[in-house]
Each structure stands twice: as structure tokens, then as C-alpha cells.
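See below for the structure under consideration.
Since the model is a prediction, treat every value here as computed from it, not as a measurement. Throughout, residue positions are numbered sequentially from 1 according to the sequence presented.
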Amino acid sequence: MQDVRKIRNVTLLGHAGCGKTSLGESLLFHAGATTRLGRVDDGTSILDFYPEELERKSTFTLSLASFVWEGHWFNLIDPPGFLDFAGDVSSALRAADCSILVIHAGEGVQVGTEVYWDMASRQGHSRILFVNQMGCENARDRLSEVRETLGDGIVALQVPTGAGISFEGITEVLKAKEPYSNEILQAREQLLETLSEFSDSFAEKYLEGKEISPEEILKTLKEGVQAGKIFPLLYGDALQGKGIKELLSAIIAFFGSPLDISPLKCQDSENLIQVKPDGPLVGLIFKTVSEPHIGEISYIRVFSGELRAGMEVWNASNGTTEKVSQIFSVFGRERKEIPSVPTGGIAALVKLRNTTTGHTLCEKNHPCKLLPVEYPRPSIYEAVVPKTRGDEERFSEALSKLRIEDPSFTFHYNPELKQYLIYGLGEQHLNIIQMKMKKKFNVEVVIQKPKVPYRETIRKTAEAMGKYVRQSGGRGQYGICFLRVRPLARGAGFEFSNDIFGGAIPNTFIPSVETGVRKAIDKGVLAGCPIVDIHVSLFDGKYHPVDSSNIAFEIAGSMGLKAAEEQAEPYLLEPIYTVEVTVPEENMGDIIGDLNARRAKILGMDSRGKTSTVKAQVPLAEMYKYANVLKSITRGRGLYSMEFSHYEEVPRELAIRLIPEIRKERGIDTAVKEE
């Protein structure tokens, strides 16, 4: 049985290309978990093994590797570095207790570095920074840049000797012998000052000039790291194997065990669950992967208690019982069956029937539903159709399974637009979804441009008659209604009122008129789009005691609304999204210019370190393929998010051009309707 105090659950974080996975491979190799150093570029990586990762030589899916070093059990989690796959970073942060933030020595702090730093901070993680690839051509010491960008509390525990081709290794600040070099002396002073700001007792000794033992320094440093106030910075080169064992030692020395984390919050109560090895079982499914011939593999983090093979557990998220048949430890693509998982352990389960990502497994007599993983919202979407007819069923099944694997991906069928829409965090995210559909489920899809969900509304009040009278021998159809329409405030939706006095239409036919009106608002007369922000009043009508019927008044209501809309000066509305774009500060001018060209309204700008963020409201129609433009302007260093805000009138000149296109799209005659 593993000693819980000697477990370290660590996730690697970093902007794509920083060498994060290479660092993971080097940790495995130098800990003796592998006999050769795995390399991403030559396809021998332990952590990158999915077909799409081997093909593109990049990480696209979270992977795990458990190993032992110096009597400590490491659960290492390697999520992707691309911001398009930040959903897996959310999963990794939820399962781990602490993070290694990897920084490219040549590129420095990048957009992804800041995003993942903030995500780890919100999760309450202890953090160590590792400046990697110190042997690359343009490498340099990044301490001042890191402190300036990521904030105070960052202290260098090492000083690099040289950089680039002259990189020789590192010197430990706390192990250096006197007389100190200027670099070591400066690093020691900064460390002691930072520790003084954290601890009053330490500050008292430091300010009085009293001698402080190495043990006191290490103790205060560990307390500061675990409190999330102090962040050690280390140097090295994963491919050269320099600084790796020092990093392993720092993980053991400064990061806490699962027993050191805060009590767990339950989602549906104010109860706090204390982490106890002998307490009731509480575990969270933080990732699900679907594999051919195996089915779904569920990765679980056990927060309290012990999970044993053969156990019957309670799924507190959906109120069902699960039988845990087999448990596996994970080492990249390899899995080894184990009898149990202790508190703080991470493992894989198979053949769970009703359990998926975000679900809590516990004991039925001690129910607890943990807070689920918080995933970033999708920022882009595309329309897709199966390439081959007859693939519709497998197409839908593939989308559903990929949604289970990756909750930051979603999809739905839009009956108004008659399109399947897939949503993701970026274009590369959706490209990998498309690749997985082909490789894992043998379903090829065609990407189409998504249609824009335009709306119609009216500018003024108008009245019209809806008349449906038919005589063809025998009983006929008779329904006449008079409707008044008026505009409502933007976002008010639709309202209907019955303002008839004196029984011009019997009450039994009033609901039929409303039904006809409601059906008619789905397809306006201007461009065939739904009508919004309109009040419809039924104020008069006529009926026939024999020929009147519900269907006659339903049709009359539909005809009356169309006639009234035509007289009320209809106009076109388009969806407006709030967009936030974060880029290196040198690209801000180009970004603002591009947004203005997209009819954006700039709401504000903010700067942090070497990055700037602009917030704007932009028509959805102007955001198609924006990810490509942003990537081109910033050389892949920018990111953006977008969220629906409201509908707004389309400029008249643009509407005149758009309306025939929309009518054709919706299968309506293409005669131009003037506003």
C-alpha cells in the first residue's frame, strides 16, 4: 500500500512548444521509470501515443504516467499545451494537487503561459516554474521577465551557468558555498526578502540580522509554496538531462501530499469532506477516453478513502450504483491491473455503465457530490455533414462519444438552419475532432460554413386582417381575424394578447389564432427568419356558426401576422457577440485595425506584462475563420473567446445584399424584399 504522505500528484503546464512533454519524458527517464529517453519528434514518447499525436508530433490528449522515485509515488499528468485543448488542462488541474509551469528559455512568457498560470491559481495549486531548453540558441535567464509578468512571490532557487550553446548547468542557491558570486548573492537576498514578506517570525530574524539556519529557510519556503504565496523557479534542459533530478527533488521537498489539500467542497451542500485514508470513499472521474475493443476508460482521482476492485459504489451525480470490476495503474499507453487505489491515488477504471467525466463515486451511506470540472466555453463552431450517405447513425454516435471524451467540445442539430453544428476551443481543436472521427470511428465528415441565425423584427405599429374563407360544397372553412402588431424592446421576445370585446370570435377559437401566429413568427416575410421582439394583439374578427373551425382560425392568424409584418416596416437583425482577444502588446494595433474592419465596437483595453487584451462587440457573421487571422497576425501567440450578447439591426446597405442570399439559403423565392 502506498504511503499517502509520499504521493505527489503533479501536472505539467506550458504554452505549446515549450518542451513540456519532453520534460515529462526526461522525468520518467531520470527517475528510472524508462530505460531510454522518449522523444516526441521520433515517435518514441511514452506520453504522446495517440495516432493524431504521432502524426503531428504534438500533444492533443491528456496522458498519465505513474512512477516511483526515492520512495515517493509520482502521478504525472501531461495535458496538451495548445490553448485549443485547454479543456484537458482543466481536467488535469482538477485531478492534480500541484503544477510545474514550463517556460521556453528562448521564447519566454507566452500567452499560454499566462493562461495556464491563472488557471492553476484559481484551482489553488502550489506551483514551481521550470525554465526549459536552456541549451537552445536564443536561450537566456527569464527571471526578471517572469516576475514582471506573473507577479511577485517568484524566487530563483538556481542560477544557470551560461545559456544557449554555452549552457553548462545550474548552481543551487541554497547549496552554494561562500564566497558567493554576485548572481548567487542576489538570488539569496531576493529569496530571504520574499520569505520575510510571507512569515512574520522569519522577517523578525532577518531584519534583526540574526543567523537563519538552512532548515528554517527550507521550512518557511515549503510553507510558502504550499500556501500558494511563493513559487520557486528552476532551470534546465529536458533533452540534455540537465536540472531534471533537481526538479524531482524540488517536487518532493516543496509540494504537499494529498493529505495537505484543503477539505473538499460538496456541490449540493455546505458540507466539507475531510481527506482521510480510512474515511469514506470519495473519487472524481476527471477524464474519459473511448478506445476500440475496450470501450470507455474512466480516469479517477481518489480524494478520500480507498477504492477496491469488486467494490459496489454510488454515483452521486446521477443516483446509480456501479460495480468496479477492474482497476489499472497507467503509464502512457500501458495499463497494469492493481487491486486498489488509496487516498490521493489516480487510476483507470473500465466498463462503468452510467458514469462519465465529472461524476463523483462514493459510498451510498456517505453520499457526496463533488464540484465538477469547470471547462472553458467553446469559442468557434463549424457545420458538418457525413461525407457518405448512410453514415448518419455512426456520425451521431461518434459525436456523442467524442463529447464524453472532451466536455469542452459539444454539438447539436439546428433545425432552423438545418445543420449539425460542432463547437470547440479553436480551429485545431475541431480539426483533431474531425481526425478522431475518421481514425477511431471510421466516419468522414465534410466541413461547411455555418449559417448565421438572423432574425427579423418590426419598426412600427401596424394592423392587418387575416382571412381564410373556403366554400366547396358542403361544410366550408371560415375564419377572419384582425391583428395589431407593435415592436417591443430588444430581447423582449414575443407576446400575444386577446383584446376582443363582445364575442366577435368565440373563446374556443382564440387559442387557434394564437397557434397560427406562433407558427408564422418562425418564418418572417422579409427573409424567412424568425420574428422577435414583437407584440401581437387580436382585437377583432368574424366567425360563421357552421363553417368556422380551429384550423380556419389558425390559418387566418398566420395570414394576418404576415400581412401585418409587411406593413410594419420589417428589418433584419444579426447576432452580436462579446469577444475578448489577448495578444502580445506589439500586435495590438493590428488587432484593433482588424476588429474595426469587422464592424466591431471596441469596449475597452487592458494590459498585463507584455500582453494586452481588447474587449469588443462583433457581429457573428464577421467572426468566421477569425482564428486563422489571429494566428497569422500574432504568429500563434494570440487567443480569444466569444460569448453571445444580443441582436442588433443589420446596416441597411448590407441588409439589401444579404436578404436575397438568406432567402435562397432557406429555400424561399429570391425576389428582394425592400425594408
Checklist entry - Can you find a side-chain donor-acceptor pair between Ser99 and His125 that sits under 3.5 Å? => result yes
Next on the checklist: Between Lys440 and Glu405, does any NZ, NE, NH1 or NH2 come within less than 4.0 Å of an OD or OE carboxylate oxygen?
Outcome noted: yes
Item to check | Residue from Ile551, Ile555, Asn550 passing side-chain contact (heavy atoms from CB on, under 4.5 Å) with Ser512 | outcome: Asn550
Next on the checklist: Quiz question: by atom type and distance under 3.5 Å, do the side chains of Tyr375 and Ser91 form a donor-acceptor pair?
Outcome noted: yes
Checklist entry - Is the side chain of Ser400 donor-acceptor paired with the backbone N or O of Ser396 at a distance under 3.5 Å, no angle test? => result yes
Checklist entry - CD1 of Ile534 to CD of Glu565: how many Å apart, nearest 0.5 Å? => result 6.5 Å
Checklist entry - Who passes side-chain hydrogen bond (donor to acceptor under 3.5 Å, both in side chains) against Asp594, sequence neighbours left out? => result Arg598
Checklist entry - For the residue pair Thr11 and Ala92, what are the closest heavy atoms and their distance? => result OG1-CB, 3.4 Å
Checklist entry - Hey, are Lys438 and Glu52 close enough for a salt bridge, meaning a charged N less than 4.0 Å from a carboxylate O? => result no
Checklist outcome for this item: For Phe509 and Ser549 the tightest heavy-atom approach is CE2-C, 3.6 Å
Item to check | Pair Asp118 + Arg608: basic N to acidic O under 4.0 Å | outcome: yes
Next on the checklist: I need the minimum non-hydrogen distance between Leu13 and Tyr116, along with the two atoms involved.
Outcome noted: CD1-O, 3.9 Å
Checklist entry - Between Thr613 and Thr582, do the side chains contain an N or O donor and an N or O acceptor separated by less than 3.5 Å? => result yes
Item to check | Between CG on residue Asn354 and OG on residue Ser317, distance to nearest 0.5 Å | outcome: 11.5 Å
Checklist entry - Which distance, rounded to the nearest 0.5 Å, do you find between the CZ of Arg301 and the CG of Leu361? => result 14.5 Å
Checklist entry - Among Thr61, Asp406, Asp88, which one satisfies side-chain hydrogen bond (donor to acceptor under 3.5 Å, both in side chains) with Lys287? => result Asp88
Next on the checklist: Could you walk me through whether Leu595 and Ile602 satisfy the side-chain contact (heavy atoms from CB on, under 4.5 Å) test, starting with their C-alpha distance in whole Å, then the side-chain angles of each, then the deciding distance to 0.1 Å, before giving a yes or no?
Outcome noted: CA-CA 8 Å; Leu595 287 173; Ile602 306 299; 4.3 Å; yes
Checklist outcome for this item: Residues pairing under salt bridge (charged side-chain N to carboxylate O under 4.0 Å, His left out) where one sits in residues 448-457, two or more places apart or in two chains, turn out to be Glu416-Arg455
Next on the checklist: Using the rule given for salt bridge (Lys or Arg N to Asp or Glu O under 4.0 Å), can you reason through Lys401 versus Glu296, listing the C-alpha separation, both sets of side-chain angles and the distance that settles it, and then say yes or no?
Outcome noted: CA-CA 9 Å; Lys401 288 188 175 181; Glu296 291 178 1; over 6 Å; no
Item to check | Exam field: side chain Thr634 to backbone Leu630, donor-acceptor pair closer than 3.5 Å | outcome: yes
Checklist outcome for this item: In this structure, CG of Leu150 is separated from OG1 of Thr113 (nearest 0.5 Å) by 7.5 Å
Checklist entry - Looking at Glu374 and Arg94, does any basic side-chain N land under 4.0 Å from a carboxylate oxygen? => result no
Item to check | Among Thr355, Thr356, Leu352, the one residue meeting side-chain contact (heavy atoms from CB on, under 4.5 Å) with Thr288 | outcome: Thr356
Checklist entry - Would Phe553 and Tyr468 count as a ring-ring contact (aromatic ring centres under 6.0 Å, His included) if you check the C-alpha gap in whole Å, the side-chain angles of each, and the deciding distance to 0.1 Å? => result CA-CA 7 Å; Phe553 276 102; Tyr468 185 71; over 10 Å; no
Item to check | Inter- and intrachain pairs under salt bridge (charged side-chain N to carboxylate O under 4.0 Å, His left out), touching residues 501-514, at least two apart | outcome: Glu514-Arg518
Checklist entry - Which residues pass the salt bridge (charged side-chain N to carboxylate O under 4.0 Å, His left out) test with Glu665, sequence neighbours left out? => result none
Checklist entry - Under the side-chain contact (heavy atoms from CB on, under 4.5 Å) criterion, do Leu425 and Leu83 qualify, and how do the steps go? => result CA-CA 8 Å; Leu425 301 180; Leu83 289 163; over 6 Å; no
Checklist entry - Within the distance-only criterion (no hydrogens, no angle test), does the side chain of Thr515 pair as donor or acceptor with the backbone N or O of Pro511 below 3.5 angstrom? => result yes
Checklist entry - Counting only heavy atoms not in Lys625, do more than 12 sit closer than 6.0 Å to its NZ atom? => result yes
Item to check | Derivation and outcome, side-chain contact (heavy atoms from CB on, under 4.5 Å), residues His535 and Phe496 | outcome: CA-CA 6 Å; His535 181 277; Phe496 179 86; over 6 Å; no
Checklist entry - Are Ser607 and Glu585 close enough that a side-chain donor and a side-chain acceptor fall under 3.5 Å? => result no
Item to check | Donor-acceptor pair, side chain of Asn315 and main chain of Asn318, under 3.5 angstrom | outcome: yes
Checklist entry - Under the criterion side-chain contact (heavy atoms from CB on, under 4.5 Å), which of Ile422, Ile432, Ile433 is the partner of Leu402? => result Ile433
Item to check | Validation row, ring centre Tyr420 to ring centre His412 under 6.0 Å | outcome: no
Checklist entry - Quick check: are there more than 12 heavy atoms from other residues, nucleotides or ligands sitting under 6.0 Å from NZ of Lys369? => result yes
Next on the checklist: Looking at Phe409, I'd like to know if the NZ or CZ of Arg403 sits under 6.0 Å from its six-membered ring centre while staying within 45 degrees of the ring's axis.
Outcome noted: no
Item to check | Main-chain N/O of Asn442 paired to Arg394 side chain as donor or acceptor, under 3.5 Å | outcome: yes
Checklist outcome for this item: ring-ring contact (aromatic ring centres under 6.0 Å, His included) pairs touching residues 590-634, sequence neighbours excluded, are Tyr626-Tyr640
Checklist entry - Does one side chain, of Asp547 or Gln477, offer a donor that lies under 3.5 Å from an acceptor on the other? => result no
Checklist entry - Are Gln617 and Ser645 close enough, and set up right, to give a side-chain hydrogen bond (donor to acceptor under 3.5 Å, both in side chains), and what steps lead you there? => result CA-CA 8 Å; Gln617 289 188 333; Ser645 175; 3.2 Å; yes
Item to check | Closest non-hydrogen atom pair between Phe60 and Pro80, with its separation | outcome: C-CG, 3.4 Å
Item to check | Pairs flagged by salt bridge (charged side-chain N to carboxylate O under 4.0 Å, His left out) wherever residues 522-546 is involved - sequence neighbours left out | outcome: Arg490-Asp533
Item to check | Stepwise side-chain contact (heavy atoms from CB on, under 4.5 Å) test for Val445 and Met437 | outcome: CA-CA 8 Å; Val445 297; Met437 290 185 74; 3.7 Å; yes
Item to check | Closest non-hydrogen atom pair, Gly541 against Ala504 | outcome: O-CB, 3.3 Å
Checklist entry - Take atom OH in Tyr478; do more than 12 heavy atoms of anything else shown fall under 6.0 Å from it? => result yes
Checklist entry - Please walk me through it: do Glu427 and His429 pass side-chain hydrogen bond (donor to acceptor under 3.5 Å, both in side chains)? => result CA-CA 5 Å; Glu427 187 160 323; His429 187 195; over 6 Å; no
Checklist outcome for this item: Output for pair (Thr360 OG1, Leu371 CG), nearest 0.5 Å, gives 8.5 Å
Next on the checklist: With rounding to the nearest 0.5 angstrom, report the OG to CE distance, Ser379 to Met642.
Outcome noted: 7.5 Å
Item to check | Nearest atoms (heavy-atom pairs only) where Thr149 meets Glu114 | outcome: CG2-CD, 3.6 Å
